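First comes the structure, then the notes that go with it.
Worth saying up front: this structure is predicted, and the values here are computed from it rather than measured. Below, chain A is the first sequence line, B the second, and so on; all start at residue 1.
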Amino acid sequence: MEPRDFIREIIRKDLADGTTSKVVTRFPPEPNGYLHIGHAKSIFLNFGIAEEFDGACNLRFDDTNPAKEEQEFIDAIEADVRWMGFTWAGAPKHASDYFDTLYTWAENLIENGKAYVDDLTADEIREYRGTLTKPGRNSPYRDRTADENLDLFRRMKAGEFADGAKVLRAKIDMASGNINMRDPVIYRIVKKPHPRTGDTWCIYPTYDFAHGQSDAIEGVTHSLCTLEFEDHRPLYDWLVENLPTPARPRQYEFAKLNLSYAVLSKRRLTQLVKDGHVDGWDDPRMLTLSGLRRRGIPAVAVRDFVSRLGVTKSDSVVDPALLDHCVREYLNKVAERRMAVIHPLKVVIENYPEGETEMLDAVNNPEDDAAGTRQVPFGRELYIEHDDFMEDPPKKFFRLGPGREVRLRWAYFLTCNEVIKNDAGDVIELRCTYNPETKGGDAPDGRKVKGVLHWVSSAHAIDAEVRLYEHLFVDPAPGKDRDFIEALNPDSRSVLENCKLEPSLADWPVGEALQFERLGYFAPDPDSTAAKPVFNRTMTLRDTWAKIQAKTS
RNA sequence: UGGGGCGUGGCGAAGUGGUCUAACGCACCGGUUUUUGGUAUCGGCACUCCUAGGUUCGAAUCCUAGCGCCCCAGCCA
């Protein structure tokens, strides 16, 4: 199904009437943080359009502010875009690659009387700018001669002035209703080393003075950005029209992705990392691409998710359940099944010979015959899930209870005879019997058993740590009614020790998700060691029983 | 009270004057199947398109007037 949205409609028209011969887009992150799932939407849009229309998409870093940008972020961003499965045209580009040209164009503007050096302080500039409803006033420095401006600007470049002492401003219209047109600052003094240009420069162009021009230099035809830049479009156009740019790019704006129960702004993500509310940019609870990856979420599922989002101009908040659905839908088809018990309850099968072990066949993936089968060891002592036993089961509970019979997956029917408790009254062990006639899980008399339990042989189990995750926030719109930090979910992560895995789970590749039967999808964390595997829960399974319980209570 | 946008079911979103008693996906509700209470499958879920007028034989789609929401006053992007 071919995607249709207003941007693609514009492109089709431009291609049809000859406005555009080859579509060129760009994905333009600022290297001041890691990419998150909102960026995935933009990546998918920009790279996707380039692929669909046989065009090209550049990766271009918007690195005009050395005060905030770092090489670490540049590297991480490149890795994340690759992980998403896209290839940018040629080498990665940087706005800083064009600093020489941008500087020359600034001088052109000055020579044409369309820019001036302003000595006002930041506070004064703000005051002169006016307000949303009141027009601004001209700076007293607005009418300097071109020669004087040129001299001053060159001395700014030469490092003669301190940070903030002077700026270069475009001379447009201090009375404009659009505040971006009230003589915007286009160059400022920042005496900080730049990750790519070192200390070649001590003046840097602002976003507005770099973005459209970079688009033009690269031959970008359709420059796609988010809604908050709509007000900047007149300035984008003014600059492209008043500068000797080699091309005439056009900017189009679409609504960025918002997700409920999440926070996606770079400022807030940075705060979570810096203040230690999470364990870094790739914490599996973070909706960063590196966090999703670490949690075991496949790039295919992320792409599927963003492909289902609307590309429109209306602000929207997407239900994270849609992401969950995409992850489950994909993993259900490809993930192998294994058995693991995360809340172990000991079961002793009294009629099973002491010290004996047998190997039973288990299907690796019922959705994919090619995944084959494996052998799972079975013995007298097992672990089952504590939640799968209730001493006093309610009506609709069809798992194990005193005197009840269930099926052990791929193994035998099992009946509970006796419940053993500790002094505190907690159930700590079950004494059961199995039916040797039901090997493999089929009853010879064809009788039905409703409950099917997963299990792990205690003699063969691998001990592991399992980390469970929930939404990082408890509020649907964190930050709306209280500081977003207060909306942090205290139970967003729970760490379970002494979980029991079937032996085939040894050395499962880091990051590759599989299904723990009846529990969910899990993937080994990089923290895993040979001695102790650590699994992250990638995603739960849909849980109808949990719903029934919730409704009953 | 300046400028720029946006308003279709719980959420996202098709729809561009008649085929709209409004696609599709998610969520939700119910049935069937099932050695995962998973998957699959079947069915339900907007007399109505922010509101009010108007134009028209006919409007979610055109006009007018309201109302609501978002963004902008960084030498951030």
Side-chain angles (χ1 to χ4, degrees), chain A residues 1 4-5 28-30 32 62-65 67-69 118 120-122 125-127 129-136 163-169 175-182 184-190 203-204 206-208 210-211 225-234 253 255 260 266-267 308-326 328-329 332-333 337 339 362-363 366-367 396-399 407-411 413 438 440-443 448-454 515-520 540-549:
Chain A
M1 181 178 61
R4 295 210 77 94
D5 53 67
E30 184 192 9
N32 67 343
D62 238 322
D63 56 350
T64 56
N65 185 3
K68 292 189 174 174
E69 296 149 8
D118 197 345
L120 254 28
T121 64
I125 287 181
R126 184 178 315 120
E127 195 205 317
R129 187 156 34 224
T131 69
L132 294 179
T133 51
K134 278 193 300 244
D163 281 20
K166 287 178 168 43
V167 291
L168 184 69
R169 293 228 254 169
S176 173
N178 182 342
I179 289 175
N180 294 297
M181 300 299 269
R182 317 237 263 230
V185 170
I186 57 177
Y187 259 94
R188 68 299 207 191
I189 301 168
V190 182
I203 56 171
Y204 292 91
T206 56
Y207 163 85
D208 287 307
H211 204 98
C225 62
T226 45
L227 255 27
E228 63 268 30
F229 292 99
E230 262 177 323
D231 301 347
H232 292 246
R233 185 167 7 108
E253 313 84 15
S260 36
K266 209 112 68 126
R267 195 207 111 232
R308 299 181 190 221
L309 303 171
V311 178
T312 68
K313 291 180 75 106
S314 56
D315 285 310
S316 58
V317 183
V318 173
D319 187 339
L322 182 59
L323 207 213
D324 296 356
H325 172 263
C326 294
R328 289 190 187 113
E329 186 175 71
N332 175 53
K333 282 181 300 194
R337 273 62 166 174
M339 292 195 285
V363 170
E367 304 294 318
K396 287 180 185 160
F397 185 87
F398 44 80
R399 274 112 93 146
R407 178 185 358 250
L408 293 176
R409 187 143 224 230
W410 311 123
F413 284 12
T438 57
D442 289 306
K448 298 279 185 203
V449 182
K450 198 94 157 112
V452 180
L453 269 49
H454 59 95
Q515 186 189 113
F516 287 175
E517 295 230 31
R518 304 208 305 134
L519 295 177
T540 57
L541 255 23
R542 284 184 62 208
D543 190 348
T544 308
W545 169 238
K547 270 184 199 168
I548 294 169
Q549 280 185 116

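- Toward the 5′ end of RNA chain B lies the nearest nucleotide of A:Arg182, the other residue of the pair A:Arg399 and A:Arg182 mapping further downstream.
- The separation of B:rU1 from B:rC69, taken at their P atoms, amounts to 14 Å, rounded to a whole angstrom.
- Closest to the side chain of A:Arg337, out of B:rG7, B:rA73, B:rU36, is B:rU36.
- Regarding contacts with the backbone of B:rU34, every side-chain N or O of A:Arg407 stays at 4.0 angstrom or more from both OP1 and OP2.
- Residues that satisfy the ring pair (Phe, Tyr, Trp, His ring centres under 6.0 Å) test with A:His325, not counting sequence neighbours, are absent from this structure.
- Residues forming a side-chain hydrogen bond (donor to acceptor under 3.5 Å, both in side chains) with A:Ser316 (at least two apart in sequence, or on another chain): none.
- Pair assignment for B:rC69: B:rG5, on the basis of Watson-Crick or G-U wobble contacts that are both within less than 3.5 Å.
- Checking the phosphate oxygens (OP1, OP2) of B:rU34, no side-chain nitrogen or oxygen of A:Arg518 falls inside 4.0 Å.
- A:Asn178 meets the side-chain hydrogen bond (donor to acceptor under 3.5 Å, both in side chains) test with A:Asn180; sequence neighbours excluded.
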Summarise protein proximity over nucleotides 26-31 of chain B in one line of letters, 5' to 3': B for base, S for sugar-phosphate only, - for none, counting protein heavy atoms closer than 4.0 Å. SSSSS-

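- With sequence neighbours left out, the ring pair (Phe, Tyr, Trp, His ring centres under 6.0 Å) criterion links A:His211 to A:Tyr207.
- In this view, A:Arg407 satisfies the salt bridge (Lys or Arg N to Asp or Glu O under 4.0 Å) rule with no residue, not counting sequence neighbours.
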